[in-house]
Each structure stands twice: as C-alpha cells, then as structure tokens.
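Some notes on the structure that comes next.
Numbers restart at 1 for each chain; the letters A, B, ... are given by sequence-line order, proteins then strands.
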Number of protein chains: 2
Amino acid sequence: MNIPKSNFSEWYNTIVKDAELCDLRYNLKGFVVFMPWSVLTMERMYSIYEQALQSRGHLPSWFPSLIPEQNLTAESEHIEGFVPEVFWVTEAGKNKLEERYAMRPTSETAMYPLYSLWISGLKDLPLKIYQRAQVWRYETKATKPFIRSREFYWIEAHNVFATEKDAMNQVKEDMEIAEEIIHKRFGIPFLFFKRPQWDKFAGAVNTYAADTLLPDGKALQLPSTHMLGQNFSKPFNIKYMDETGESKYGWQTCYGPCISRIYASLISTHGDEKGLVFPFELAPVQVVIIPIYKDNNKKKVLEKCEQIYNKLKNNFSVKIDDSENTPGFKYHYWEMKGVPIRLEIGEREIDSNSIVLVTRISQKKSKVPENNILDEIKKEGKTILETIISNADSIFNSLIFSSISMDSLKKILDEKGGFVRVPFCTDTIDGEKCAEDVKNKTHGNVRGSLFNSKEVPNSSEKCISCGKSAKIYLYIARQY
Amino acid sequence: MNIPKSNFSEWYNTIVKDAELCDLRYNLKGFVVFMPWSVLTMERMYSIYEQALQSRGHLPSWFPSLIPEQNLTAESEHIEGFVPEVFWVTEAGKNKLEERYAMRPTSETAMYPLYSLWISGLKDLPLKIYQRAQVWRYETKATKPFIRSREFYWIEAHNVFATEKDAMNQVKEDMEIAEEIIHKRFGIPFLFFKRPQWDKFAGAVNTYAADTLLPDGKALQLPSTHMLGQNFSKPFNIKYMDETGESKYGWQTCYGPCISRIYASLISTHGDEKGLVFPFELAPVQVVIIPIYKDNNKKKVLEKCEQIYNKLKNNFSVKIDDSENTPGFKYHYWEMKGVPIRLEIGEREIDSNSIVLVTRISQKKSKVPENNILDEIKKEGKTILETIISNADSIFNSLIFSSISMDSLKKILDEKGGFVRVPFCTDTIDGEKCAEDVKNKTHGNVRGSLFNSKEVPNSSEKCISCGKSAKIYLYIARQY
C-alpha cells in the first residue's frame, strides 16, 4: 500500500479510468463494463484459482443462472437474507411467466436440489463441485468498480461431506487455498476472521472470511467460507446411507472467492503514485520493448526489437511499442499500466549485444547480455513478487492494533484505520447491541475473532461497550 | 460418425445420462445442469478458442448481462429478430423497475454504445474485442441438451474496421479459426455457407455459417460470422475521423462460436456404440490406470500404479481406478466415458518393466517399456487425433450430394440425409417462396451457397422449385 491514505479514493478512480480497467458509462445503474486490461488479469486469476481447486479434487460445473422462486424460498434464513437483493425475471417474449425466476444471487438453491439426487451413499462423498459464474444482487449501497456492483464475477464451491469434521477440514482447506494464492501469488495480505453470529452468511452455522485492508485503512472482505452444517441438507433432503445402513443428512460447506473484488485489492495494495503494479504472473503485458531510434537507424533497431520479441514471446506476454510517441511518453504510459519489465533497445545495445532492462517497482536499470535475457527476466519476475509481498506485508502488519477503550479505538480508526483488537462481551447474537454501539460511536464494524487464535481476555478486561466482563477478543475495522 | 443413423437420438440421450454430461432434472424448462465430465472438456475448448482469438489480436472483455430495453430497440431488424426471445427483468427486491432490462440474447446492443465512445480515430481501429459469456433466449423449439437450450455458453467477438475490405478479411479470419480449431483440433468437419438473405442474422448484411452433420444426417449450425456493414455503426454512432479529417462510420463484423453446441457435435461425430470418443487433448481424463491384482500382490501393484501416475501427472490428466470393481467393469466404464488411453498394470508388467497400453478407438493392445511410456502416450495422442479426423472426414464427405429435382432431393434426404446441392433461382429475398416450397415438400432447409465456390449452374439448369432459369447452386439439408 504505497498510496497515501488520504488520496486513495482519488487515486483509485483515476487509475480505473486512465489504465482503462472499467468503463462506468454503461447506461444501467450499478453495472459496469470490464475492459481488456483488467479482464486479461482477472482471467488469469480465475485460471490460477480453478487449478488450485481442481488439484484438491473439486470439479467444475455450470448451473443455470435462473432459479425458480420456489427453490429460493426453501431455506428460511437464506431467503430472508437474499430476497431483498434479487432481480426477478417475470416476462419472456410476450408472455407473463407463471412463476418468477430469480437471477441467482448465489447458487445454493440452484445446486442443492440436484445434490439431493446425486448423493445416495458414502461412495458419492465427498462431493466437491464449483462453478465460475456471475451473480446478480440489487445492491442498495453505493457501488464502486470491482469492489461492489450489481453483477459480479466469482467462483462458488459447494461441498458435501459425511461428517462435521470432514466439513470443518474443508473450511481449513479453503483458507489454505486463500493463503497459497491470494497471499503468496497475488501478494495480498489478509486476516481470517470468524464472523460474529449477527454477521454470518444467511443460512450458515458459521462464516469465516478473509479481510484485507485498502490504503485508506478500511477493510475489504475477500473470500469467505461457510460452515453450513445441516442447515441446507435438511430442507433440500441431501442424505446418504452410512456403513450401517442408516440414512443421514450430509454436512455442507461453501466457499466464494470473488475475482472482481480480489482484483480491486490487487491493484490497491500494490499500486503507487505512478499507477498500477502487478505481480509478474498477473500482468496483462509482462515485458514491453521500447525501440530507441532516429530516422537513420529506425529499421535496424526495429528489426532487433522484433528478434528479441520472437525470442521471448513463447515464455512471456510481450509487446513492442513502435508507436510514434517519444520514448519518455512510452516509459510513463507503460509504468502507469503496470508492466513489470521494460526493455530498451537502441543502436548502442545492438552494438554491444546487450539490452537495457528496467523493472517497474525498483526503477533499477541494468544492462543484460542478449543471451541471458530470458533467464534474467524470469529471475526478475521472482524478485518482483518477493518485493511486493514483503512491502505489502510490512505495511499491513503495521496496521494491526489493540485497544481497551472506545475513545482510543476511535482515535486509531480516525488516524490510521486498520484492525483494532478489543475486549468484547460475546460474539453470539447477544453481542449485536454492543456492536451497534461501537458502530455508532466509532464508525467501526466488528469483523470477528481471529481464526485459530488462542488469545483470550484476562479476567480484569471489560467489554468496550457494555463494560461487562470480556469473554473474547474481537477485531474492529471500518469497512467497504 | 460411427453411430447408425436410425439409432442416433437414442444413443445421444443415453450417453448424456450414462456418462453424466448433463442433468435434465433442473426444475426450470429449457435449462439444464452441465456436469463436470462435459464442463472439463468445454472449459478446455473455451481456452483453446480464446487463445486463438488473442493470438490474432482480439482482447477479452466482460460486458453486463442485462441490457436496458432502450438499447435493444435501437436497430429495428435486430429488435424484430430477438425481442420474441427475450427474458425480461421487471422487478428488483421489492421494487417494480421503471424500465425493463433484457437478459442479453446477444450483446450487440450492450457493446456498441460503448464502442461509440471508444472509437474516434484511425488509431482506435481495428477494434477487436470478445467475451466468453452466457446468453439467454426464450426458445420455443424443442430443447435438446448442448444443442438447444434457453441458456447457452458461447464466445462473441465484435469488431470494428475502417473499411469494408478489412471487415471482410475478418470474416475470412473467423473462418480460418474455425478450420484450425473445430476441424483440425476437435476433428469436426463442416462446410461454410453464405446464408440466403431470408435466413441471416437479424441486422446483418450477410451471414456466413459453418454447418456440420450429426449421425442422423441432419445439419447442425456451428459458428457463424456476420458482416454487419454499417447497419449497426449508424444507429449506434460508431464513427472515426479518417486521414483527411472526414468523419466516417465504421464497418463491423461479429462472430459467435457456441461452445456448448460445438460440444454436442464433438460427442456425436466421434462417439461409437461403446460410448464417448475424444480427441486426446479434449478428454477430461486422458489416461486411466487399471491395477490388476489379487489379494497377495495388491499393495505391490498399487504402488507401481502410483509410481506411473506420478511420472505422468505433470504431462497428462491421469486417474488410477482403484475402486473395488472388476477390471472388466472398469474397462467398459472408462471406454464409455471416452478416456483415450488405458494402462493395465499387474504383476507380469512389474516383472518385465513394461506396461500394457490400450487405445480407446483402435482397441489395439501393446506392451510398452516403462521408460518409454511418456513418449508413447504422446505419440498415441497424435495418432488418435489423426484417426478420428480421417474417419469423420470420410463419412462427412460421403454425405454431400447433388440433385436437380425435388423428387430425388427428397429421396436423398429420406434415405441418407446430408447436404444436397440443387440449382436454385436466387438467394435474395425473392427466393424465399421457393425455399418454403422445398421445405414443405422435402422437410429440407436451404442452408445457402458454398462460400468461395465458383460453381454456377449452366444455362439449361432450372430452379428445382419454380422451374425458372437457375442462377445459383444452394445446399439443402434437414436441420436441427
């Protein structure tokens, strides 16, 4: 997070426009057009995520985008949570439909009626199926490109297990995938919280969610994974016969990495005052070649650039910028677009069989022998990832605080943002009043308890809202 | 096409169910659930197609799924063609919307208003953008899994050029891509027809479409590419400034390979009485390992299988079937699922450091030294593709006929199906009456003239319907 806290919103809106990531001029409120420069990266993110899921035994599927109203209303908490946000199809051609169809806001109620038909015995378990899909929600909060819109792009994995323990292991595996991909490959740090009972996914037993921080110090929710218990398997009749011949309800989990939102945190976490910064593997163009020529050597220089291009094109996404703009203009333009490596090739480089290589983040210039160029780029690609992870981690870690009073909590949130650990009475539904009190006084939201943390308040600590003896540490942040 | 003409429909319905390609029990008419075994292949098909488009300068984008009614009605022929098939969103949450939103039946009217903003000069051209997307059409014809349903999966590429000639070159490039991928990699033969004027895409100047044949002798439309001329650039105001400063309307094309439908032709063309057959690169599982063991050597055999699995897994999609079923059961099962290569490993193979390799299509058994197994599989993979292309081509080519009378046309269509070339009065709108006559008398549809063919009827030939002097050869087929 290299963007000053106070400038973030302006920086974000500017880069979305200047780098041509999204066009906000589509004439339907809350819907945007995702342009090639963002889609090239998001398609790669999809592919990385799907490979990780498949390597752990998840299989891809495509379920219908439309859900009959009767399915959506089968689980009562679920319907309460989602129906206010549903787009309804009521007409087709010239016909008025007999039943309304929901554009899926999420796919539990599309998938689980089929799961009930697919599962009969232990041989069918675990069932681990995902889809890459769009979902549609009639958001009433202000929309912001990639972060919140009425149509978004995600993966949803829906799983069924024989036991609660197997289901809980899946929740942990979901967290591992997030760490492996979002942190170690995309360079985005986060904390996994167990959400309080009043803020869980509609219909879940528990929700576990990864929260990152944007440069303005506000939290953004990345993937969440939900322990559904038997809350859906009962109404949807998802049963299996166990070894003894007894019929039992399955245990379920679901997982929802939202690719368009992870992209928002990707560009926000790594971007700087010059524009976008990407981990090497996610850059739409990884290497840009800038020819440096005058009229008398233009042909010779362009030929050399072409040669180098051909040498690299099977390993990297490469582009030669042979437009009429000046080299200086091109440097700035491709830095703004986030291209990780720039090669400069002119007469001098041709004569010395070498190439000038400049990296986007360090701005370090080095002269590389032409024969080494492929290896050198691979090496630099790794260094770039290590550097941006370590930068992002150190800033993120400096924004985790603790506090024992409402005043100091508010002061931290006002001045720095970040996550603030506070002693709290409870994260069961009884704690919701205190959470509302915190929200009113500090504009901070309870994000939950740190997953797997063993820290508990000592006997003298009091809930920062009601003053009763504290049972748990919860983390507060302002949020998107 | 190895399935007898008369049995095709039964074969198709059975394989969709037995191989778990699609579940038809979703409770919304015309919508189906695409299951992992088909989606694994279709995802690979997407990726192959998208790579081919990107390598020719097309860039990916994601446009909204919903289109305001006012956009959809901007081009009059287009709206006439599509509005009867639109699903309309009229409510959101508890609100009645002020304007109806169409679930996109195709994306011209979502994309072109933005194109008008993106294009101002020659520097912006050509604009070549595509998206992988679902579209929704309220089909009134009978639906059939993969072939026709109310939600389908395609790619749509939408392009703008400075000149008509550039646009026509794009049409030809679209055809080249189809040949390179659908024919040479998927093994599906087809002919490219210029559709008659009464059967073109709503709003196009001309439509060019690839038709293949299913085993019942009926034609199925695969990708179509459309010369839009300036029919959309005018109402959507897509203009550029030329070298002389004059403002001109762009020339447009669009292209729509439907992945789910190409999949239907893939399984139909290559399948046989044992089940599915795939080109090697499209098989969800490319190599299945069957352990042959008794109680006393089970551990040893499974260990060897694991070893071979590890040797292959980075190059191929491999699976060990260590279930409790008999080897014979497993052979049949994986043949039905279309796995191209089976390895059998037992005590004898361990002792001789060799592996039994059986290919799905030839059923040829060979003993391969363990050290050569990787190369041998690669080699067999290529042979499989060559074999299925040559099989498919020879059957397809034997189903192209010509006729000069309604009676013989009907006889060919009744007995063999396929494409029948007939002399015809014209493919302009004046010919529509004769096409209807052909349809009534033979159940055959005019598919159009062969693209790029120079063959013309001689002066003595007469239109098979009206008997007037024939101006053109058109091809007739029964169709899906």
Task: Evaluation steps, side chain to side chain contact (heavy atoms under 4.5 Å, CB included), between B:Leu59 and A:Trp37 - done: CA-CA 9 Å; B:Leu59 289 169; A:Trp37 199 255; over 6 Å; no

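Within the 4.5 Å cutoff, the side chain of B:Met35 has heavy atoms near those of the A:Trp118 side chain. Within the 4.5 Å cutoff, the side chain of B:Ile67 has heavy atoms near those of the A:Tyr26 side chain. With a 4.5 Å cut-off on side-chain heavy atoms, B:Asn27 and A:Pro113 do not count as touching. Between A:Phe34 and B:Ser61 there is no side-chain heavy-atom pair separated by less than 4.5 Å. By the 4.5 Å heavy-atom criterion applied to side chains, A:Leu40 and B:Gln54 are counted as neighbours. Within the 4.5 Å cutoff, side-chain heavy atoms of A:Leu66 are placed close to those of B:Phe31. By the 4.5 Å heavy-atom criterion applied to side chains, A:Gln134 and B:Ser65 are counted as neighbours.
Judged by distance alone, the side chain of B:Glu91 and the main-chain N or O of A:Thr90 form no donor-acceptor pair under 3.5 Å.
The shortest non-hydrogen separation linking A:Glu151 to B:Pro64 is OE1-CA, 3.2 Å. When all heavy atoms of A:Tyr153 and B:Trp62 are compared, the pair lying nearest together is OH-CB, 3.3 Å.
Ring-plane geometry between A:Tyr101 and B:Phe87 is classed as tilted, the angle between the planes lying from 30 to 60 degrees on a 0 to 90 degree scale.
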